[in-house]
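Beneath this line is the structure, given in structure tokens, with notes to follow.
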There are 2 protein chains.
Amino acid sequence: MLDIRWLEDFIVVAETRNITKAAELRNVTQSGLSRRIQSLENWAGAPLIDRRHAPLELTEAGHKLLDVANEALGRLNGIRRTIREDQNERLRSIRFAAPHILSVTFFPRWLLAIQAKLGSTRLSVTSDNLPGCASLFEDGGVDFVVCLVDANGAILRGAGRPLVIERCASISIGKERLIPLSAPAADGKPLHWLDLNPRLSTSYLAYSRECSLGWAVEDLIARRPDLVQLHSLYDNSLADGLRTMALAGLGVAWLPLTTTHNDIIRGKLVRTGDPQLAIDLDVRLYRPAQRLAKKAEELWSRLTTEGLGALLGPAAFPPDIATTIHAEDVQTLRR
Amino acid sequence: MLDIRWLEDFIVVAETRNITKAAELRNVTQSGLSRRIQSLENWAGAPLIDRRHAPLELTEAGHKLLDVANEALGRLNGIRRTIREDQNERLRSIRFAAPHILSVTFFPRWLLAIQAKLGSTRLSVTSDNLPGCASLFEDGGVDFVVCLVDANGAILRGAGRPLVIERCASISIGKERLIPLSAPAADGKPLHWLDLNPRLSTSYLAYSRECSLGWAVEDLIARRPDLVQLHSLYDNSLADGLRTMALAGLGVAWLPLTTTHNDIIRGKLVRTGDPQLAIDLDVRLYRPAQRLAKKAEELWSRLTTEGLGALLGPAAFPPDIATTIHAEDVQTLRR
DNA sequence: CTCGCATCATGCGAATTTCGCATCGCAGAC
DNA sequence: GTCTGCGATGCGAAATTCGCATGATGCGAG
């Protein structure tokens, strides 16, 4: 009924005041442009151009329409351009959503590695809690979700409602381990003990309700009747906040090995409890069923075919960590 | 490239969140609407609708475009409606342009007469000075120009530049006569004389430069060497302003017979000078070469074929005016 | 006044686009 | 599982649009 090209044509005609010249500028024949202007006049319901004299003049209706056409076209073309730019950005970039902790522990190294492999690609990481990441992913706001999951599935179930990513294809791209740590006493032994006297209540530094790491820890505690005497005096939604509390000697916290190995090496934090109390976590990357943008598909394909080592490069942790922490932990890190 | 119907479609889809239902509302098939939305998405350069779940959801790009589409469509359809209304008004009405004096003397009666003959028709009269009327006419702002012209053509030439109406078809639809009038002295004779003593300077009440009636009077004065001693102490752009001055005894003015016959009958104004000093004017209606709207063409056709009497009806002036003013003037009025 | 030039409108056949019908694919409900 | 609702798509018909050639008109030079 109304093609916006007619409006563009009309604007050019109003500027040149000559249909033939305007036709050249618009890359159509004079007859074509003449008819398009007629179509526009037919749409408007009134003559827009006074053709009696050369150069052409706009009628009153023409002037009115010209104003509106300029503004409407400007807005429409403007939104078109921004949409295309956004889309372009989206197609060339790979967007991840991940819980806050991974922005600190995992992504800094991993992004560097895949940047090197994929060449110049814009990478963006959005941090949120796990349900937030999942819904962003569901809405197509990101290409992948990367998160830490435990073998028991406590983390995926912990959100209360089913998460989309449960039914999505995924691949393991790293390891993590939560270890119960305490500041040392003067003698180098833990200030707080998990396995000393079952009747002695131990201060436990908990993750906040919304932090998915906490769901794994709570799951572990629920399975171990010998740990019921733990009571949490403090909680914190960030692992690094808990680490600071543990360093200050406020209690025992299950902290990620990747953020605490330096503390362990330097003796600022020491492990407590038996080795069974460590929680092994997978860093898993989830993708949607539908096809992704080119770069994102390329990443997925290389992750699944080439394996992780090719992308991750040399071990992420210094070897001397083996001398100060449990041998099993070191193996985890090297895997 | 972008049909605004696509935007209308998109708005309806955004409201119904269901392409099939939107298709019914838009009176197209589901497949047609589906493809139109695809066309719009192709234009925008990004998906606008998330079709994965029912009901449909707009993408971020979709929401952005929806806002702009609503506004742009509102403006475009708004201007379209006003243009159509204006045009409709224009086609159903007959628009005249005329010098100010005719709005007072001629149109009140004449409009009544043609209204009765043409049936319900919107009639509009725009008053301006003669050049203004002519340019309004040239721009198509009015259908007809009605003006007073003298036999010598002084009025048509008086504008300084050639007027379009000079080369237009026209028809005489009335008469007018300018008569030199003065307030009477106590004895009933004119207070100011045009023909008494050539050496006696007489106060002359002139029309302003822009008033076309003045051009006819000036032309007459220039032809009559015996009138050179006239000097204008006052001038006024409106004939009625001059009449008031004349009634106050300020001098002699060439005034339209139609506005002064009551003054003459009642002896408030008396004629001065010899009968040759009257100026006969034609009320002429001018039409453009191009075709006019239906109603306007109908008026022209009836004016040219049926003559004026049929439209003008009985004589416009009371018969007793014959007893108090020159017989010749009465004939003019009765004609 | 006539001619030539510039300009816009229009008839016509070809190319392109759009439409509706029928069908397919997919997802959710029962 | 089947059934149902919904959107996408292949295909041929219909409508629209386009370019070419030509006609009509106005303006200025000779």
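Values in this document were obtained by computation on a predicted structure and should not be read as measured data.
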Within the structure, does a side-chain N or O atom of [X] lie under 4.0 Å from either OP1 or OP2 of [N]?
{"X": "R5(A)", "N": "dT17(D)", "answer": "no"}
{"X": "Q30(A)", "N": "dA6(C)", "answer": "no"}
{"X": "R52(A)", "N": "dT25(D)", "answer": "no"}
{"X": "S34(B)", "N": "dA8(D)", "answer": "yes"}
{"X": "Q38(A)", "N": "dT10(C)", "answer": "yes"}
{"X": "N18(A)", "N": "dA6(C)", "answer": "no"}

salt_bridge(K295(B), D143(B)) N-O dist < 4.0 Å: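 The answer is no: the pair does not qualify as a salt bridge.
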Taking the six-membered ring for Trp, are the ring centroids of F96(B) and W110(B) within less than 6.0 Å of each other? yes
With a 3.5 Å cut-off and heavy atoms only, can you find an N or O donor on one side and an acceptor on the other between the side chain of S31(A) and the base of dC20(D)?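 Yes, a donor-acceptor pair under 3.5 Å.
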N/O donor-acceptor pair, side chain T29(A) with base dC20(D), under 3.5 angstrom: no
Rounded interatomic separation in angstrom, taking [atom1] from [X] and [atom2] from [N]:
{"X": "L33(A)", "N": "dC20(D)", "atom1": "CG", "atom2": "C1'", "value": "16 Å"}
{"X": "E24(A)", "N": "dC18(D)", "atom1": "CD", "atom2": "P", "value": "17 Å"}
{"X": "R51(B)", "N": "dC24(C)", "atom1": "CZ", "atom2": "C1'", "value": "17 Å"}
{"X": "N42(A)", "N": "dT17(D)", "atom1": "CG", "atom2": "C1'", "value": "15 Å"}
{"X": "E41(A)", "N": "dC8(C)", "atom1": "CD", "atom2": "C1'", "value": "12 Å"}
{"X": "L48(B)", "N": "dG7(D)", "atom1": "CG", "atom2": "C1'", "value": "16 Å"}
{"X": "R35(A)", "N": "dA14(C)", "atom1": "CZ", "atom2": "C1'", "value": "13 Å"}
{"X": "D50(B)", "N": "dA8(D)", "atom1": "CG", "atom2": "P", "value": "11 Å"}

Nearest heavy atoms of Q30(A) and I19(A), plus distance in Å: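 Of all heavy-atom pairs spanning Q30(A) and I19(A), the closest is O-CG2, 4.2 Å.
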Does E138(A) offer a backbone N or O that forms a donor-acceptor pair with the side chain of R52(B) under 3.5 Å? yes
For I11(A), the option from L73(A), L65(A), T16(A) that meets side-chain contact (heavy atoms from CB on, under 4.5 Å):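 When L73(A), L65(A), T16(A) are each tested with I11(A), the side-chain contact (heavy atoms from CB on, under 4.5 Å) holds only for L73(A).
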Between dC8(C), dA8(D), dC6(D), which nucleotide gets closest to the side-chain atoms of I19(A)?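 The listed nucleotide nearest to I19(A)'s side chain is dC8(C).
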